[in-house]
Amino acid sequence: MTDISVQIADGEAVRLPGGTTVREALEKLLSGKQRKRTIAATANDAAVDLSRPLTEDTKLKPIQIDTPEALEILRHSTSHVMAQAVRQLFGPGVKVAIGPAIENGFYYDFLRDEPFSPDDFAAIEQRMAAIADQALPFIRSEQPRDEAIASFREQGEKYKVELLEELPVETVSVYQLGDFVDLCRGPHLPDTSWVKHFKLLRVAGAYWRGDEKRDVLQRIYGTVFFDQKALSKHLNHLEEAKKRDHRRLGKELQLFTVSDQIGPGLILWQPKGAQLRRLIEDYWKDEHYRHGYELLYTPHIARQDLWKTSGHLDFYAENMYSGMEIDEVKYQLKPMNCPFHIGVYKSDKRSYREFPIRWAELGTVYRYERAGALHGLLRVRGFTQDDAHIFCREDQLDDEIFNILDLNLHILKTFGFSDYDIYLSTRPEKSVGSDDIWDNATSALKKALDKAGLGFIVDPGEGVFYGPKIDIKIKDQLGRSWQCSTIQVDFNLPERFDMTYTGSDNSEHRPIMIHRALMGSLERFVGVLIEHYAGVFPLWFAPVQARILNITDDQVDYGERVYDELRKAGVRVEKDLRNEKLNYKIREAQLGKIPYMLIIGDKEKADGTVTVRLRDGKNLPPMKISDFAAKVTDECRAGRGL
RNA sequence: GCUCACGUAGCUCAGGUGGUAGAGCGCAUCCUUGGUAAGGAUGAGGUCACCGGUUCGAAUCCGGUCGUGAGCUCCA
């Protein structure tokens, strides 16, 4: 074979005999230290194994262990190691499906009659460790597709056969790991010795190819890192997420509950949760009023005909609850608020002079969610949207969207979210309206994002049937994303409801409608807030701001007085005047994550003061009751960005 | 909805192979009156999710219902 030229990045090209492997080439081009960190490479931008022979002039880029690419390869390879371990332990009767790397680890899907249980994990992990100790090489080979199909068919690997039959290529690659051969594109680690720091996490059902009509497989999830420190860090992260679980904290802090008797996905707000919610709602209403919105209230049910007109029965019926009959007329529970706002719009003849009309409502809607999708506050069947609809002329669209975006980010920021990803979803296949009007609306959304200096990701074809939309996914303290805000342009409903306004030309025109929700739903938003703050809420929306703790029974009367005074001053205060030791009361207040503990003993009683203990254990000097109330008021104003 | 697991006092959980229930926390009463993360004693709480079956006998075994949890696009 003739010589080829091999080059790393801008480095010097070297001439090597054709057929030289990547590993051999790197020996010529990299220091030993660099080579040790290299587990694969890209050759002319295609990811390859170190064992791959080079047959043409190549630009090589080593993939080294501190990169995301390397981690992905490690995870993918580890899934193969797990599959091999499972096969060794449970025999060839277990059929393998797919085993990719995913965001924080990997999984492999198996078909097996017996269920795996987490108790099996220890054995599988042990076997995996044994495989790692053998430093088994991942041996790549190519074979004609037909041959591969025949071979996998013989082994009864029906999933592999199906995958192969759909591959539009002549030649496929397979990897051999000991006695386990798997169809795989690669690349893989050079050998299994890298697979040291892993952990199997859970097992769950998954459909073959995500299709619920097809086989149910067992999916084992795991994670792996190049070093123990990173693995520990990730496991701690999972622990931390568990501690912040809003369902646990919601119970501990007595915020909300769900009851079998009442029904799944239906939230009961306990007093403290209701207080928290009220504070959010009040802030939201004030802020909307300040930004030119009017508030509406609308009913929970409407005649079925309304939902025919709106198109919900055509496009949304599977999410709606079946109707009820009232005086022989059919009614249905609302899944959205928009038709009601249109009802308000149509209560009067509208002029262009009124525009833009901005109407907001905390509207409670009901939607059918699959039983398996329900999750605490984050996925429910009855929830309150912080909804608003804006009716405007086309020439007002740009400004309105910009203003919404501005208010949106302002409100999120006040709640402590300033990190987010923004998505712009464009026209889906099944949709209404002309191309022109879609283009206009989409460009209005784009323009607003540009004007606000916000980067965004285009989600092609993911718009709603009636118009394009902007979605904002906020990131919490742990870096997890939550979809809350959405801004949607709609030219369908104005048409369906024959909405009009009188223009300056004294003729009738069609308004444009914008739907938007900032927090998404109160339920979900509170759930996200709980996890974001781990239940340690900022003073301004902490359901309880202060708790009075007396030292002995001698200060009970004084405690009652402090309580009355602070409550009258608008401080959300509780009293713990029980006959218990101070340590005990402090512990309980601390676990209740209450911002201020007001300690009163004989000194405070004599001076008319309270000693303030903070959540971090520090004390403020004693202060007058009225001074404490003023301090709380000030801090709340600051918290609300006033 | 589907797969698997789970459902015992208000909460967190124990209860090999069937013989009618237990702990800690919380709650109540009493003792104690103690200055910065759990003082002590006594006591009240349970149709063992619900319905049915097997059995002399079921929290325990079987079936069903309800509920909860994990997961169900991410290219071999």
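Chain letters run A, B, ... following the sequence lines, proteins first, then strands; residues in each count from 1.
Nucleotides G67(B) and U55(B) are separated by 32 Å at their P atoms, to the nearest Å. With both ends at atom C1', the span from G40(B) to G22(B) equals 23 Å, rounded to whole Å. Rounded to a whole angstrom, the distance from the C1' atom of C48(B) to that of C6(B) is 15 Å. Across C61(B) and G15(B), the matching P atoms stand 13 Å from one another, rounded to whole Å. The separation of C27(B) from G63(B), taken at their P atoms, amounts to 42 Å, rounded to a whole angstrom. One P atom belongs to U3(B), the other to G64(B), and the distance between them is 11 Å to the nearest Å. Taking atom C1' in both U17(B) and G1(B), the straight-line distance is 37 Å, to the nearest Å. If you take atom C1' in U68(B) and the same atom in C50(B), they sit 15 Å apart, rounded to whole Å.
Residues of residues 91-103 of chain A that place a heavy atom closer than 4.0 Å to RNA chain B, in numerical order, are I98(A), P100(A).
No contact: D211(A) has no heavy atom under 4.0 Å from any strand. Nucleic acid contact class of R202(A) (heavy atoms, under 4.0 Å, all strands): sugar-phosphate only. Within 4.0 Å of R145(A), counting heavy atoms only, lies no atom of the nucleic acid at all. Using a 4.0 Å heavy-atom distance criterion, L549(A) is classed as making no nucleic acid contact. Within the nucleic acid shown, D554(A) has no heavy atom closer than 4.0 Å to any nucleic acid atom. Within the nucleic acid shown, L163(A) comes within 4.0 Å of sugar-phosphate atoms alone, with no base atom in reach, counting heavy atoms only. Within 4.0 Å (heavy atoms only), K603(A) reaches at least one base atom of the nucleic acid.
Within the model, atoms CD of E69(A) and CD1 of I73(A) stand 8.0 Å from one another, a figure rounded to the nearest 0.5 Å. With rounding to the nearest 0.5 Å, the separation of CZ in F138(A) from OG in S51(A) is 11.0 Å.
At a cut-off of 3.5 angstrom, counting only N and O atoms as typed in the model, there is a donor on one side and an acceptor on the other between the side-chain of E604(A) and the base of G35(B). Put simply, the side chain of Y368(A) and the base of G1(B) share no donor and acceptor less than 3.5 Å apart. Side-chain atoms of N583(A) and base atoms of U36(B) include no donor and acceptor less than 3.5 Å apart.
Between the side chains of Q84(A) and D182(A), no donor N or O sits under 3.5 Å from an acceptor N or O. At a cut-off of 3.5 Å, with distance as the only test, no side-chain donor of Y159(A) or D109(A) sits close to an acceptor on the other residue. Side-chain contact, Q590(A) with R613(A): a donor N or O sits under 3.5 Å from an acceptor N or O.
Partners of R112(A) according to the salt bridge (Lys or Arg N to Asp or Glu O under 4.0 Å) rule, which considers only residues two or more places apart in sequence or in another chain, do not exist here. Among residues two or more places apart in sequence or in another chain, the side chain to side chain donor-acceptor pair (under 3.5 Å) test is passed with T223(A) by none. Residues passing the side chain to side chain donor-acceptor pair (under 3.5 Å) test with T78(A), sequence neighbours excluded: none. Evaluation of the side chain to side chain donor-acceptor pair (under 3.5 Å) rule for Y368(A) yields no partner, not counting sequence neighbours. Applying the salt bridge (Lys or Arg N to Asp or Glu O under 4.0 Å) rule to K475(A) yields the partners D421(A); only residues at least two apart in sequence or on another chain are considered. With sequence neighbours excluded, no residue forms a side chain to side chain donor-acceptor pair (under 3.5 Å) with R572(A). Judged as a salt bridge (Lys or Arg N to Asp or Glu O under 4.0 Å), and not counting sequence neighbours, the contacts of R547(A) are E574(A). With sequence neighbours excluded, no residue forms a salt bridge (Lys or Arg N to Asp or Glu O under 4.0 Å) with E147(A).
Close to A70(B), at under 4.0 Å from its OP1 or OP2, lies a side-chain N or O of H375(A).
When each of A37(B), U36(B), G1(B) is scored by its nearest atom to the side-chain atoms of L582(A), the top-ranked nucleotide is U36(B). Out of U36(B), G35(B), C74(B), the shortest distance to the side chain of Y107(A) is found at C74(B). For V216(A), whose side chain is taken as the heavy atoms from C-beta onward, the closest listed nucleotide among C72(B), G69(B), C2(B) is C2(B). Proximity note for N619(A) (side chain, C-beta onward) versus U36(B), C72(B), G34(B): the nearest is U36(B). Of the candidate nucleotides G67(B), G71(B), A37(B), G71(B) has the atom lying nearest to any side-chain atom of Y221(A).
Atom CG of L614(A) is separated from atom P of U36(B) by 16 Å (rounded to the nearest Å). Distance, D109(A) CG to U73(B) P: 10 Å, rounded to whole Å. C4(B) atom C1' lies 14 Å from atom CZ of R219(A), rounded to whole Å. Remark: C1' of C75(B) and CH2 of W208(A) are 10 Å apart, rounded to the nearest angstrom. Nucleotide G35(B) holds its C1' atom 11 Å from the CG atom of N550(A), rounded to whole Å. Distance K581(A) NZ to A38(B) C1': 10 Å, rounded to the nearest Å. Counting to the nearest Å, the C1' atom of A38(B) and the CG atom of D576(A) are 13 Å from each other. Counting to the nearest Å, the P atom of A37(B) and the CG atom of D616(A) are 12 Å from each other.
Stem analysis of RNA chain B (Watson-Crick or G-U pairs, both distances under 3.5 Å, runs of at least three) returns B:1-7 with B:66-72, B:10-13 with B:22-25, B:27-31 with B:39-43, B:49-53 with B:61-65.
Not less than 6.0 angstrom separates the ring centroid of F121(A) from the ring centroid of F116(A).
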Restricting both atoms to N or O, compile the protein contacts to nucleotides 24-31 of chain B shorter than 3.5 Å, with distance only.
{"residue": "G26(B)", "atom": "OP1", "partner": "Y584(A)", "partner atom": "OH", "Å": "2.5"}
{"residue": "C27(B)", "atom": "OP1", "partner": "R578(A)", "partner atom": "NH1", "Å": "3.3"}

Please list, for nucleotides 7-14 of chain B, all pairs of protein and nucleotide N/O atoms separated by less than 3.5 Å.
none

Please lay out, stage by stage, how E531(A) and R480(A) fare under the test salt bridge (charged side-chain N to carboxylate O under 4.0 Å, His left out).
CA-CA 10 Å; E531(A) 305 224 351; R480(A) 299 169 300 178; 3.0 Å; yes

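Residues W194(A) and V224(A) fail the side-chain proximity criterion, which asks for heavy atoms closer than 4.5 Å.
Taking the O4'-C1'-N9-C4 or O4'-C1'-N1-C2 dihedral as appropriate, G52(B) has a value more than 90° from 0 and is therefore anti.
Ionic pairing of R145(A) and E166(A) is not present here: no N-O contact between side-chain nitrogen and carboxylate oxygen is shorter than 4.0 angstrom.
A residue-by-residue look at Q218(A) and I599(A) shows that Q218(A) has its nearest nucleotide of RNA chain B further toward the 5' end.
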